[in-house]
There are 2 protein chains.
Amino acid sequence: MAKPLSKAHRTDQPKESAHPPGSEAVDDYLKAIFQLSGRPERQVSSTEIAAHLSITAASVTNMLQKLAGQNPPLVAYEKHHGVKLSKAGKKRALEIVRHHRLIETFLHEILDYPWDEVHQEAERLEHFISERFEERIAAKLGHPEFDPHGHAIPALDGSLPAQEPQALSQLRPGQSAKVSSVSDNDPEMLRYLAAQGIRPGVKLTLSEQLPFQGAYQVRIGSSTKPALLSHSLAEAITVSKPQQ
Amino acid sequence: MAKPLSKAHRTDQPKESAHPPGSEAVDDYLKAIFQLSGRPERQVSSTEIAAHLSITAASVTNMLQKLAGQNPPLVAYEKHHGVKLSKAGKKRALEIVRHHRLIETFLHEILDYPWDEVHQEAERLEHFISERFEERIAAKLGHPEFDPHGHAIPALDGSLPAQEPQALSQLRPGQSAKVSSVSDNDPEMLRYLAAQGIRPGVKLTLSEQLPFQGAYQVRIGSSTKPALLSHSLAEAITVSKPQQ
DNA sequence: TTGAAATATTAGCCATGACTAAATATCGCT
DNA sequence: AGCGATATTTAGTCATGGCTAATATTTCAA
């Protein structure tokens, strides 16, 4: 008994690749490129991607060539000059980001995960949930627009609410703003921010910026004692000025 | 910048396999062997495993040798005479089964999946959820003992409630019994059973077995009109005789 | 403008886990 | 006991997606 053992009887295509090319790794690259290209969109270098994914630049080049060779191509790749996502690549990247942020919200809201733990779990699960699962948790959560860190969840069609949040580090002393989002990939930082009472929606005022970009002193909500934030912390927080 | 890029800085072990040996495929083999060895436990042949996983027997042999060569070994493998799970292999298999059945229950109870769709999704997710996730859904569900199809969920320590369910096909005409479980891997069958009102917990009576193992006529609960079940259907249902 | 440093690509290797084809072992039956 | 059918294993191949080392390109500063 060593027959073909067809698993999804197709009417005998010319070739059938057992390992479909679009898998977990591909998703990770597309998401990385999406997140690194920023807004307005710019080319992303192999080295950046390598650093982001903790792999070597050689591996990245290798993969970028495959992604560019797909039909349709997932990236526009110019040797030595980085990549941009193609239409198809962006679509897929947004699906993954949607998955990620819905899962984070779900873990926090339904399964009571602390907000510093949701990222890691979502990072793994985002590749494996079905459309069905996505639809079910979105419904269960009432089709949320933001995840627990304040990041916008792409809609099914890939659209994102227009937002112009700026980094907290851009504020000038005396200015007030509302916390829009906090970076989600460092659990320790999230615990620290939570302890300071800094989370999306909270209003704060930059009372003073210490010299040499050393630290930012902010007053949170109506509390009395101010918090001190390092520069990298202030870069990891986005704020929007309340109507004005 | 083509440095080591250590991701989990270890104090420089002699060798470091980038692809850890224990992955998705390994889980699938262990689970397959567990499910095929039955009770009382018996050796499982490569061919059986191959058929169960829809791969070739050669691939199975290949993998069994790897599993047997692990430290600790995950299976006891005797060339040409099949395999049995080792202690460690059984432990892992039970973890996966626990994941699978908890996920099925979760999908059904919390996300309102119809019971014929939970298996497929659980089959994928079981490999990727963390211990944390497992613990959270178990808590959310109140530490259930059975999944939606009536299969026992192994406890954290791997223990299973002692049960002696027999196949419905073993009943003799006139006997009554309570449905204990139904096989979960065929969605169409599950839809059929649901339509007949057959699900775990339901009491039924075998009114007649038609000649040549053609079909089983059963009366469900207190309803009037009986259902007809093919032999394979009657094999896919387990029942327990109510106290006696 | 030129050459060293930084960045990126190529070439070649490895493990995983599939596959096919060929060889071999076991079993069932006369 | 022995033969053929069936089951199993071996040997060799392939795609994926990592890696290192060597090479090539781009950039930047003198």
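In what follows, chains carry the letters A, B, and so on, assigned in the order in which the sequence lines appear, proteins first and then strands, with residues in each chain numbered from 1. Computed from a prediction, not measured in an experiment: that's the story for all the values here.
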Donor-acceptor contacts under 3.5 Å from residues 74-88 of chain A side chains, at least two apart:
unit_1	atom_1	unit_2	atom_2	d
S86(A)	OG	P73(A)	O	2.7
S86(A)	OG	L74(A)	O	3.1
S86(A)	OG	A88(A)	N	3.3
S86(A)	OG	G89(A)	N	3.0

Heavy atoms from C-beta onward define the side chain here; which of [options] lies closest to that of [X]?
X	options	value
I55(B)	dG17(D), dT20(D), dC19(C)	dC19(C)
K66(A)	dG18(D), dT16(D), dT20(C)	dT16(D)
T56(A)	dT16(D), dC19(D), dG18(D)	dC19(D)

Between [Y] and [X], is there a salt bridge with N-O shorter than 4.0 Å?
X	Y	value
E48(B)	R42(B)	yes
E188(B)	R191(B)	no
R132(B)	E121(A)	no

To the nearest Å, give me how far apart [atom1] ([X]) and [atom2] ([N]) are.
X	N	atom1	atom2	answer
N62(A)	dC13(C)	CG	C1'	12 Å
L53(A)	dG18(D)	CG	C1'	12 Å
H127(B)	dG17(C)	NE2	P	12 Å
Q65(A)	dA15(D)	CD	P	17 Å
Q70(B)	dT16(C)	CD	C1'	12 Å
D28(B)	dG17(C)	CG	C1'	12 Å
M63(B)	dT9(D)	CE	P	15 Å
I49(B)	dA18(C)	CD1	P	12 Å

Could you write out each protein N or O paired with an N or O of nucleotides 24-27 of chain C at a distance under 3.5 Å?
none

*Parallel, tilted or perpendicular: which describes the rings of F133(A) and F106(A), with under 30° parallel and over 60° perpendicular?*
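It falls in the perpendicular class, over 60°.
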*Where the side chain of R124(A) meets the backbone of F128(B), is there a donor-acceptor pair that is under 3.5 Å apart?*
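Yes, because the side chain of R124(A) sits within donor-acceptor range (under 3.5 Å) of the backbone of F128(B).
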*asked:* What contact category does S59(A) fall into here, base, sugar-phosphate, or nothing, at under 4.0 angstrom with non-hydrogen atoms?
replied: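 The answer is base, as S59(A) lies within the cut-off (heavy atoms under 4.0 Å) of a base atom.
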*At under 4.0 Å between heavy atoms, what does T61(B) touch on the DNA or RNA strands: base, sugar-phosphate, or nothing?*
base
*asked:* For dT16(C) and Y29(B) - does any side-chain N or O of the residue sit under 4.0 Å from the phosphate oxygens OP1/OP2?
replied: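 Checking Y29(B) against dT16(C): no side-chain N or O falls below 4.0 Å of OP1 or OP2.
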_Is the phosphate of dG17(D) approached by S23(A) (side-chain N or O, under 4.0 Å from OP1 or OP2)?_
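Yes, within the criterion.
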*With sequence neighbours excluded, residues passing side chain to side chain donor-acceptor pair (under 3.5 Å) with Q166(B)*: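 Partners of Q166(B) by the side chain to side chain donor-acceptor pair (under 3.5 Å) criterion come out as none, since no residue qualifies.
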